[in-house]
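First listed ligand is number 1; within each ligand, the first listed atom is number 1. Each residue takes its place number in the sequence, starting with 1.
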Amino acid sequence: MKQARKNVKEAKNNTAEETVVETKAERLLRLYRERQSGPTQFFGEAPPLDADTLWRGLTRGGEVRVLVVRATATVREAAARLECSPDVAQLLGELMVSTLLVRSTLNPEERMQVAFKHDGAVGQLLVDAWDEGGVRALARNPGVTLEADGLLLGAGLCEVTRSRHSGKRAYRSAVRLDGEGVDAAMMRYLLESEQILSLLRLHVKADANGVTQAQGFLVQLMPDGTRDNLVSMIQNLEALPPLGQGMTPGDPDARVWTSDLLKGFAWDQCAREPVMFQCRCSEDRILSMIATLPKAEIRDLAHGDELLETVCDYCRTRYLLRPSQVAALLDDPS
Ligand SMILES: [Zn+2]
């Protein structure tokens, strides 16, 4: 009797679980399986081939993250403003493309500056990328060429500075440069400073008419991934044409190409950010820079009545300041 009562009680419990708990669990499981086996989800419509863009994707198991960027118009504008030789345009373009990709893996509101300080012919290279997608670049000797001046990129340091809007708590780290390419230097930075195993490929081409192509992609091993995941992706890559060929008028995001790269993984495209040339110089910023000079120098600049000409190093915008504007800095108690 006692046993029978217990059986009844258990049966009751099971029935309750089947109708309430299990149904809910089944539903969740069904949704999960549908998502796992369903087609790749894309993030809206892809911008056309002549528009610059950067998008991120993630495998459903969380093994790897992929980022793809097209920055042709952006790099072309930066190189044209600096009057870069085709050789320098290519090098600076590679640094711009990789900075855009790496910045996009950071906290969304972080800005990033990458400086290549080395003994090669091109001199210091500097790229700033901001959280809203803007990027600008600077080369100390933009006109040099490989043929006339020899090795453009030498040995030295790759310095990366990450900061937030507040300007406080900037984080700087450096890895060595030993004359290898931009991609190798940036992968070393990601491994040594961010402890992320990555695969970075850059495709930048420039000729006498300017930059004709600037694309790149970054694959990163996430904490849930294994080294084998990255190895299988490198094997997939061997059978693929360059990324630029995967970007077509009908598929400007190179979604098919990326699916081939990620063959063996279920994945989704999950975010997109704008890419554009952008310099943040302004008359106010130039004035606040002058304000940091010693008072005697400011007094000298404010003297006379000729306009003072200043040119922004990054975008080559010319600013003409009236001496009275500079003189006003001396009155400003701040
Ligand atoms: Zn500027």
Side-chain angles (χ1 to χ4, degrees), residues 51-54 69-104 106 109-117 122-144 158-167 170 172 182 204 206 210-211 214 273-293 297-298 301-302 306-326 328-329 332:
D52 288 349
T53 188
L54 187 158
V69 65
R70 177 175 58 245
T72 308
T74 302
V75 172
R76 187 187 300 135
E77 179 165 358
R81 282 175 182 260
L82 296 172
E83 298 175 69
C84 291
S85 71
D87 292 342
V88 175
Q90 186 188 332
L91 195 59
L92 202 60
E94 288 178 356
L95 193 54
M96 290 175 79
V97 168
S98 45
T99 305
L100 284 164
L101 287 167
V102 175
R103 199 223 64 82
S104 184
L106 305 179
E109 67 260 32
E110 277 190 61
R111 58 171 285 193
M112 190 169 127
Q113 182 179 72
V114 181
F116 273 21
K117 299 176 175 178
V122 72
Q124 182 171 313
L125 299 174
L126 213 55
V127 173
D128 286 307
W130 286 286
D131 46 336
E132 290 123 14
V135 63
R136 68 178 185 179
L138 184 61
R140 180 160 298 157
N141 307 311
V144 294
C158 159
E159 255 180 31
V160 178
T161 310
R162 297 165 45 180
S163 56
R164 305 234 177 158
H165 278 303
S166 61
R172 179 172 293 169
V182 173
V204 182
V211 173
E273 62 188 68
V275 172
M276 76 209 87
F277 176 84
Q278 189 183 58
C279 190
R280 298 204 167 177
C281 64
S282 66
E283 198 172 272
D284 282 347
R285 279 177 194 242
I286 303 271
L287 280 168
S288 55
M289 255 166 53
I290 295 175
T292 64
L293 296 173
E297 270 183 57
I298 300 177
L301 289 172
E306 268 179 47
L307 290 174
L308 297 165
E309 186 186 303
T310 315
V311 178
C312 172
D313 288 336
Y314 289 87
C315 68
R316 302 276 172 102
T317 300
R318 204 162 67 109
Y319 292 94
L320 291 169
L321 303 173
R322 296 184 308 278
S324 59
Q325 284 176 286
V326 180
L329 297 173
D332 191 342

_Side chains of Gln278 and Glu132: any donor to acceptor distance under 3.5 Å?_
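There is no such pair between these side chains.
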Got a list of side-chain donor-acceptor pairs under 3.5 Å for residues 79-93, not counting sequence neighbours?
{"unit_1": "Arg81", "atom_1": "NE", "unit_2": "Glu77", "atom_2": "OE2", "d": "2.9"}
{"unit_1": "Arg81", "atom_1": "NH1", "unit_2": "Cys315", "atom_2": "O", "d": "3.0"}
{"unit_1": "Arg81", "atom_1": "NH2", "unit_2": "Glu77", "atom_2": "OE2", "d": "2.9"}
{"unit_1": "Ser85", "atom_1": "OG", "unit_2": "Val88", "atom_2": "N", "d": "3.2"}
{"unit_1": "Ser85", "atom_1": "OG", "unit_2": "Val144", "atom_2": "O", "d": "2.5"}
{"unit_1": "Asp87", "atom_1": "OD2", "unit_2": "Leu146", "atom_2": "N", "d": "2.7"}
{"unit_1": "Gln90", "atom_1": "NE2", "unit_2": "Glu94", "atom_2": "OE2", "d": "3.3"}

*From Glu309 atom CD to Arg318 atom CZ, the distance as rounded to the nearest 0.5 Å*: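 Going from the CD atom of Glu309 to the CZ atom of Arg318 covers 4.5 Å.
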*Considering the options Asp52, Val211, Leu95, Val275, which one meets the side-chain contact (heavy atoms from CB on, under 4.5 Å) requirement together with Val75?*
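In the set Asp52, Val211, Leu95, Val275, the residue that makes a side-chain contact (heavy atoms from CB on, under 4.5 Å) with Val75 is Val211.
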_Closer than 2.8 Å to the Zn ion (ligand 1), what protein N/O/S atoms do you find?_
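For the Zn ion (ligand 1), the protein N, O and S atoms that sit under 2.8 Å away are Cys279 SG, Cys281 SG, Cys312 SG, Cys315 SG.
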_Tell me every residue that passes salt bridge (charged side-chain N to carboxylate O under 4.0 Å, His left out) with Arg140, counting only those two or more places apart in sequence or in another chain._
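Arg140 satisfies salt bridge (charged side-chain N to carboxylate O under 4.0 Å, His left out) with no residue once adjacent residues are dropped.
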*Under the salt bridge (charged side-chain N to carboxylate O under 4.0 Å, His left out) test, which residues partner Arg111, sequence neighbours left out?*
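In terms of salt bridge (charged side-chain N to carboxylate O under 4.0 Å, His left out), with neighbours along the sequence ignored, Arg111 is linked to Asp128.
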